Student: 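Structure below; questions to follow.
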Amino acid sequence: MCGIVGYIGYEDVKEILLGGLERLEYRGYDSSGIGILNDQGQVSVFKDLGRVSQLRTIVDYEEKASIGIGHTRWSTHGEPSKNNAHPHQSKNGRFTIVHNGVIENEDILRENYFASFKFISETDSEIIVELINYFYELYNDVELAIRHLMNHLNGSYALGIIDSQQPDKLYVVKNKSPLLIGLGEGFNMIGSDAMAMITKTNKFYELNDQEYAILTRDSISIFEITGAKVTRDYFITNLDKDQVNKGTYPHYMLKEIDEQAVVIRRIIDKYSDKRHERFIMDQNIIDAIKDSDRIYIIAAGTSYNAGLVGKQLFEKIANKPVDVCVASEFVYNQPVLSQKPLFIFISQSGETADSRAVLVNVNKLGYPSLAVTNVENSTLYREATYNLLLHAGPEIAVASTKAYTAQIAVLAICAYLTVDVKEFDLIHELSLAANVIESICDQKEILKELASCFLRDTRNCFYIGRHVDYAVAMEASLKLKEISYIQTEGFAAGELKHGTIALIEKDTPVIAIISQEEINLNTRSNVKEVKTRGANTLVISLKSISSESDGFVIDDVHKLLTPLVTVVPTQILAYYAALERGLDIDKPRNLAKSVTVE
Ligand code: G6P
C-alpha cells in the first residue's frame, strides 16, 4: 500500500528517492512520483502511472538538489492516474506533499473550506495540501499551520511536506499510517518503513500518532500536536540490506519459498537455549496465555489462515479454546468476550490497519495482547502488551509464504510452552519439518509439471481438505488466486456435496490435501465424488497414508505440524501457475503487501 520516502541532506536526492521507492515497491502500488526542491526554492514534480521503472524514464532532472519527497500510490480516492498520483501541490505552488492514509472527513472539509475551489485531482490528499496553505495564510507560520491541519483532519495520514520557501526543512506528520524517521550523518530521511531507508541508515526514530517532526540536514525535532517537544531515543534495526536483494532468483517469492527451512531453523535457534535442548520465551507471555480462559486470534489474509492452524495447535497441545477472527469483521462486530481473554495479533507486517483498529479497542478495554509479527518496532509490535518476532527476514513478495510457516512455528512454540508435561519434542519435530520443507523445494520440477498440467489453462480450481488440511486448503487457494488470478476457493472436503459440487464440470481441477490418518478415507471419497463428475484431481498426501495414484507425496512429519509441509507444494504450484501465465508474480495486480487503510 502507499509508500513514502523523503530526504534532506547533501547528496543527489533524485537517485535516493527513486531507490527508496524501488524498495517500497513490494508494498503494492499503481502509480508513483517524486518532488524535488532546489536551493532557489523551485519544486519539480514528476509522476506517472505504473512502475517506478516508468517513473525513472520521465525524471528529467539534472540540477543539484538535496531535498525531496517520493511516493508510491495504491488508489483509494480516485482512479489510478497520473493526475491522482502524488506528490500534490497547493495551487500557488508553495507546499508539496505526499500522503499515505484516508481522510474520513474529506467531504466536510471540502464543504467548509473549499466550497467553490477547483481541485486538480480526485484525491483526499489534495485537500490536505490546500489546507496547509490555507492555515499558513491565516497564521503566517508553517508549524502552526501543520498543528491546525492535524486538528482538522479525521482519519489516517502519514505526510511528507516540503515548503518551497524553506529549502532547509522537511516536515513530517503522522496519525495511524506508518512512518519512520531515519537518522543519518549530514542527512535525515523519512520512510513508510525501514526498507525504504536501509541502504542509507539503520538508525530510526518512531513517530507516534498525532505527532509531527521537523527535519533539517543535521537535526530532528519531534513534537506533539500541542507543539510540546518530545524527547525520544532512536532504535537500531538489524535489518540486513543484503537480505533485501533477490540474488540469483528470478522472483522474491521463489527465494522466500526456499528460505522456509532456514527460517524454521532460525526460529528454533532464537527461541531455544544455547544447546537447542529446550525452548525459552518471556515468562510473562507464557503466563498471559496460561492465565487466559480463551484466546482471540485477530488477523487478515494469510496471517488469518495461519491463525486457523494456530487454533488447532493451542487446542490440541494446550487444551486452550481459541477463536480466530477476521480483523476487519471483529472491529465492527465484536463477539461476546470471555472473562479473561488474551488477544493474539498475527501480522507479517505489523501494520495492517484492520488489525490495528482492533488492537486500539483492546487496549482501551484493558485486555492483554500479544503481537506475533515479522517487523520489529512495527505498530502492532509497539502497541501490543507483548510481542514475538517471526525472524523470517524481510518478506518482499506480496504473496506471503515464509511468514506463514514462521507464524505457525512460533504459535506452536507458544502453545507447547504453556503445558508442563510435554508429549513430544517440538525442537526435534520442527527440525524434521525443516528438512522435509527442503526436500519439497528440491522437487520443483515435478511441481512445475503438475502446475502446467492442472493449472495452465483453467479458469477455476478448488482446494479441499478436512481438519487441519482444510485450513491449509484456505491458504493454498489464497496463494493461487493472489498471483495467478485463477478463481479458486478452499473448501471443507465434506461440505463440497452440500452445494459447491454443482460447480464441478469436466476438467475442473480439484486439489486435495490429505495429512491426517483419521480423515484419509473420507477425503479420498470426496475426491472420488468429484472425479466421477469430471474433475481433474490431484492429491497431495503424507507418505504413511499415501496411495499410489497420489500426485505429490511428502515425507511424514508430526501430525500437528503437517501444515508446515503441506502448504509448500501449494505455494510452488501457485508460483508456476502464475509463471506459465506470464504474470507479475511479486507484485500481483490490485494487491498491497502492507494494507495500512481500513
Ligand atoms: C495483505 C496482503 C496479504 C496479507 C494480508 C495481511 O492483504 O496482500 O498477503 O496476508 O495483507 O498482512 P499482515 O502483514 O497483517 O500479515
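As the structure is a prediction and not an experimental result, all values here were calculated from the model. Ligands are counted one by one from 1 in listed order, and the atoms in each one are counted from 1 as well.
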Student: Can you sort out which atoms of ligand 1 are near Ser303, meaning under 4.0 Å from one of its heavy atoms?
Tutor: 13 (P), 16 (O)

Student: So which heavy atom in the protein is nearest atom 3 (C) of ligand 1, and how far is it from that ligand atom?
Tutor: Glu482 OE2, 3.9 Å

Student: With heavy-atom distances below 4.5 Å as the criterion, would you say the side chains of Tyr29 and Leu21 are in contact?
Tutor: no

Student: Give the intermediate values and the outcome of side-chain contact (heavy atoms from CB on, under 4.5 Å) for residues Val5 and Arg23.
Tutor: CA-CA 10 Å; Val5 62; Arg23 278 182 297 282; over 6 Å; no

Student: Within less than 4.0 angstrom of ligand 1, does Ser355 place any heavy atom?
Tutor: no

Student: If you draw a 6.0 Å radius around OH in Tyr234, do more than 12 non-hydrogen atoms from other residues or ligands fall strictly inside?
Tutor: no

Student: Report the relative orientation of the aromatic rings in His71 and His86; use parallel for angles under 30°, tilted for 30 to 60°, perpendicular for over 60°.
Tutor: parallel

Student: Do you know the tightest heavy-atom contact between Ala403 and Leu390?
Tutor: O-CD1, 4.2 Å

Student: Assess whether side-chain contact (heavy atoms from CB on, under 4.5 Å) is satisfied between Lys255 and Ile396, documenting all intermediate values.
Tutor: CA-CA 10 Å; Lys255 173 176 179 260; Ile396 312 286; over 6 Å; no

Student: Leu591 near ligand 1, heavy-atom distance under 4.0 Å?
Tutor: no

Student: Quick check: closest heavy atoms across Leu207 and Ala213, and the distance to 0.1 Å?
Tutor: CD2-CB, 4.2 Å

Student: Does an N or O anywhere in Ser347 fall below 3.5 Å from an N or O of ligand 1?
Tutor: yes

Student: Check whether more than 12 heavy atoms from other residues, nucleotides or ligands sit under 6.0 Å from atom CD of Gln487, and answer yes or no.
Tutor: no

Student: Heavy-atom count check: over 12 atoms from other residues, nucleotides or ligands less than 6.0 Å from Lys444 NZ?
Tutor: yes

Student: Measure Glu351 to ligand 1 on non-hydrogen atoms and call it side chain, backbone, both or neither using the 4.0 Å cut-off.
Tutor: neither

Student: May I ask you to identify the nearest protein heavy atom to atom 12 (O) of ligand 1, giving residue, atom name and distance to one decimal place in Å?
Tutor: Thr352 OG1, 3.4 Å

Student: Considering non-hydrogen atoms of the protein only, which is the closest contact for atom 7 (O) of ligand 1, and what is the distance?
Tutor: Val595 CG2, 3.7 Å

Student: Enumerate the atoms of ligand 1 whose separation from the nearest heavy atom of Val398 is less than 4.0 angstrom.
Tutor: 8 (O), 9 (O)

Student: Out of Val375, Leu478, Ile298, Thr302, who is nearest to atom 10 (O) of ligand 1 when you count heavy atoms only?
Tutor: Thr302

Student: Regarding ligand 1, does Ser400 bring an N or O atom to under 3.5 Å of one of the ligand's N or O atoms?
Tutor: no

Student: At a 4.0 Å threshold, what atoms of ligand 1 neighbour a non-hydrogen atom of Gly301?
Tutor: 10 (O)

Student: Looking only at protein heavy atoms, identify the closest one to atom 2 (C) of ligand 1 and say how far it is in Å.
Tutor: Ala592 O, 3.3 Å

Student: Specify the protein heavy atom at minimum distance from atom 14 (O) of ligand 1: its residue, its atom name, and the distance to 0.1 Å.
Tutor: Ser349 OG, 2.6 Å

Student: Side chains of Thr405 and Gln260 only: does a donor on one sit below 3.5 Å from an acceptor on the other?
Tutor: yes

Student: Just to confirm my output: which protein heavy-atom neighbour is closest to atom 6 (C) of ligand 1, and how far is it?
Tutor: Ala300 O, 3.4 Å

